[in-house]
Amino acid sequence: MNGPSGRITISALVAALAVVALAFVPASLPAGDNFGTSGSAARPIGDLYEGRLAVQEFISSGTEIQALTIQIATYGRHNAGKLYITVQAEVDGQWRTLAKKKFSKRKLIDNEFKEVRFRPALRVKRGQRIALSVRSDKDPSQAITWWMNPEHRAEGMRLTVDGVEQTGSAVFSVAYKRIAGTVGEIRKPLWKRMTVFLRPTGRACVAIAALVALLCFVHLVLWGAAPISSRELP
Amino acid sequence: MKNDGASITGASVQGSVLRDLTIVFALGLGVRLLWAVLTPPWTAPDEPPHFTYVAHLVEQGEIPHESSQETHPEFSEEMLESWQHTFFGRLSRAGGQAKAELAYLPVHHDYRAARRHNRAPELRRTRAAVSATAYPPFYYLFVSGGYSALYERPILSRLYAVRALSGLLGALSACFAYLLAYELRRELRFGRAVGLSMALFPMHVFITASVNNDAAVVLASTILCWLLAKVLLAEALSARLGAAIGMAAGAILMTKPSGVPVALLAGALLLWRAFPIRRSPLQVHTPNLVSLSTFALTFLSTAGAWNVYRFTAHASAEAGADTQEGRALTQFFSPAGHSFLEYLQYEFELGVGYFRRILIGTYWGNFGWLELPLPRSTEYLILASYGLALVGLIILVREQASERRKIALLACLLVFNVLFLFIAADYAFGFASTGAGVGMQGRYFFPTLSCLLCLLCFGLARIFARLRFNAAILPVLVGFVQLISLRLMLSRWYGVHIW
């Protein structure tokens, strides 16, 4: 077993074990295209208080919205009242409410990125129009605001304040629920994702190259690190 | 493995070396092929201009050069369309934007258009090779074989073929790094350790798995470093060794200027061996002189041919004396704008963080268009290993007089490479005229990467001399950083999280 063929056999076995072990490693991949507008060139959308409503519409690129994040500002105050966030989806021309959340304005931090997580994730359809509404109660002295980027324009996005369309988009981001599991469980979508630019022949070549590299690495690690008692002959 | 030094024969050692080289090569090539396909198209530094050079060679049958009569575009229409299909401008910060538009490659997108994109030859033509135009053609001629072989195939197939050939050069570099370490220490484990480390070194893997002439200059420089180790340790030089050094040095000048320091030191070392100071000039050793002569001959014939061609075939009112080298020399000796003293002050004001970013950050791993750095904790780990290795080297040099010359050679190559590039490139090309540097990157210092890896390996092995597998410390460290790099890359470009 100490001959070259024996060593290669052992190396191959260890490499195979490594592949099996890899199958149990946790992994995840995106199921939708997380999206966010940048805060550069941002300005406030205007005061949000009782009776005012800001709505950001966008097109969903995934099927399960896990979190939405908005950048709000408090004008450096601890404001009284509540911040209301509503998520709606357009179904057959009608808006259907998917989630409603409220937060105490007193606990908001000025200019923070307020994340709203949904458990379970909101089920939507890819390509479906989604509306993210933000409103606040109390009088103007307790107003908060939402940052917007007037230079950001993207297909399917529409920002309105009290029904009046604004130029640009609100500063927000969408995070879709990921496909999670072990490498072994999600190996097919994982492999497909990592080789999007390859044709089947290319994918096969890469798989073989990776396995050969692993085998060589294992072989060198197993048999290459031990010293020989005296210096070898030149 | 039997620890029986007496039973080892020269033939079996040679057999072991050849086997090791095969394994190191296969590993290096396998890792590079993986990176070649995982790195999204065009998202490696300067890949578009380098690929344009290759395409220009094949499509238009000439070495690209600036010509006032050329009407073709800078980048081919085929490539520009491929950028759209592969989201290059939106995925990467190559355009200089503060933040990339896309978090990762879109999930729900049909990539068939990108995979199949292929345009007629007239839409593949270019004016020259953009920023790569001035480079010598050695590397591009080699990798153009991949482009030609898949000429009828889509552009991405051609790109991957060229990347694969580039990766082959990178894998060969690892083999010569093995030989360098083995030449110096005469122990297989050190050869394996350094070869394995170079095969897995993250930034080297990334760059050589893309279309970039760094792959060729690093190979030529590593070969030259190995040959210089032979020069240092040989009792007498041979004509064959001189010729080999001449060819390697000439090859460096035929690929990229970043290897020039190694070529210069090669000439200096040969001169020193041929005319040692302690000897009388009348006692010059004839074989060494022959070696020096063959070096000069092969060097001039290798590098000279290209430069003669360049200055005659492409001579024009613009190209005549206004070459990159000419400008650099003019700036250095009679700076039009800023003195060298101002440059030193400027560098001092940039602080330690600047040098850390260049010599550690972009050296070990900053992927994409320098937009995907390794985690700071990994950099600290690398710095700690540098510190330990330095202590180990000091102990080694104090303990073993026989190792001093070898360590000195490696250190000289490394330090001279760094200093030369800062002075000749950053100052002469950049600061002297503009008051700002050219934007140094770690990969510019890759010609002496094998020397650094040898120093690290030897130093760490000495510090941990009591451990049986002390030579394995460096490859374990490099392998660990390689895994982190792969994970980082998959996360950024594909949104895939592993572990």
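All chains are named by letter (A, B, ...) in the order of the sequence lines, taking the proteins before the strands, and each is independently numbered beginning at 1. The shown structure was predicted, so the numbers you read here are calculated from the model rather than taken from an experiment.
Proximity to chain A involves both the backbone and the side chain of B:Ile23, based on heavy atoms less than 4.5 angstrom apart. Proximity to chain B (any heavy atom under 4.5 Å) is restricted, for A:Ala31, to the backbone atoms N, CA, C and O. Residue contact with chain A, scored on non-hydrogen atoms closer than 4.5 Å, is absent for B:Phe190. For a residue to count as touching a neighbouring chain, one of its non-hydrogen atoms must lie under 4.5 Å from one of that chain's; by this rule A:Leu190 touches chain B with the side chain only. Interface remark: A:Ser28 contributes backbone and side-chain atoms alike to the contact with chain B (heavy atom separation under 4.5 Å). Interface remark: B:Arg32 contributes no atoms to any contact with chain A (heavy atom separation under 4.5 Å). Contact annotation for A:Val196: both backbone and side-chain heavy atoms come within less than 4.5 Å of a heavy atom of chain B. For B:Pro154, the part sitting under 4.5 Å from any heavy atom of chain A is the side chain, from C-beta outward, and nothing else. For B:Arg487, no part lies under 4.5 angstrom from a heavy atom of chain A. Interface residue B:Ala26: backbone and side-chain heavy atoms are both found under 4.5 Å from chain A. If you measure heavy-atom distances from B:Leu490 to chain A, the contacts under 4.5 Å come from the side chain alone. For B:Leu29, no part sits under 4.5 Å from any heavy atom of chain A, backbone or side chain. Contact of B:Thr22 with chain A is not made at all, since no heavy-atom distance falls under 4.5 Å.
Remark: A:Leu29 CG to B:Ser491 OG distance equals 11.5 Å, nearest 0.5 Å. Atom CZ of B:Arg192 is separated from atom NE2 of A:His219 by 8.0 Å, given to the nearest 0.5 angstrom. Taken to the nearest 0.5 Å, the CZ atom of B:Arg19 stands 8.5 Å off from the CD1 atom of A:Ile8.
Shown here for B:Trp493 and A:Arg193, the closest heavy-atom pair between the two residues is O-NH2, 4.2 Å. Scanning all heavy atoms of the two residues, the minimum distance from A:Ala213 to B:Leu27 falls at O-CD1, 3.1 Å.
Residues A:Phe217 and B:Val31 have side chains not in contact (no heavy-atom distance under 4.5 Å, counting atoms from C-beta outward). At a threshold of 4.5 Å between non-hydrogen side-chain atoms, the residues A:Phe197 and B:Leu105 count as touching.
Highest contact tally toward chain A, considering only B:Pro41, B:Ala36, B:Ala114, is held by B:Pro41 [criterion: heavy-atom pairs under 4.5 Å]. Chain B forms more heavy-atom pairs under 4.5 Å with one residue of A:Cys205, A:Pro26, A:Ala180, A:Ser61 than with any other, namely A:Pro26. Of the listed residues B:Leu102, B:Val17, B:Thr86, B:Val24, the one with more heavy-atom pairs under 4.5 angstrom with chain A than any other is B:Thr86.
Open room surrounds CD on B:Glu152; 12 or fewer heavy atoms of other groups in view lie less than 6.0 Å from it. Applying the 6.0 Å contact sphere to CZ of B:Arg112 captures no more than 12 heavy atoms from other residues, nucleotides or ligands.
The residue from B:Leu38, B:Leu33, B:Val37 that alone fulfils the side-chain contact (heavy atoms from CB on, under 4.5 Å) condition with A:Val206 is B:Val37.
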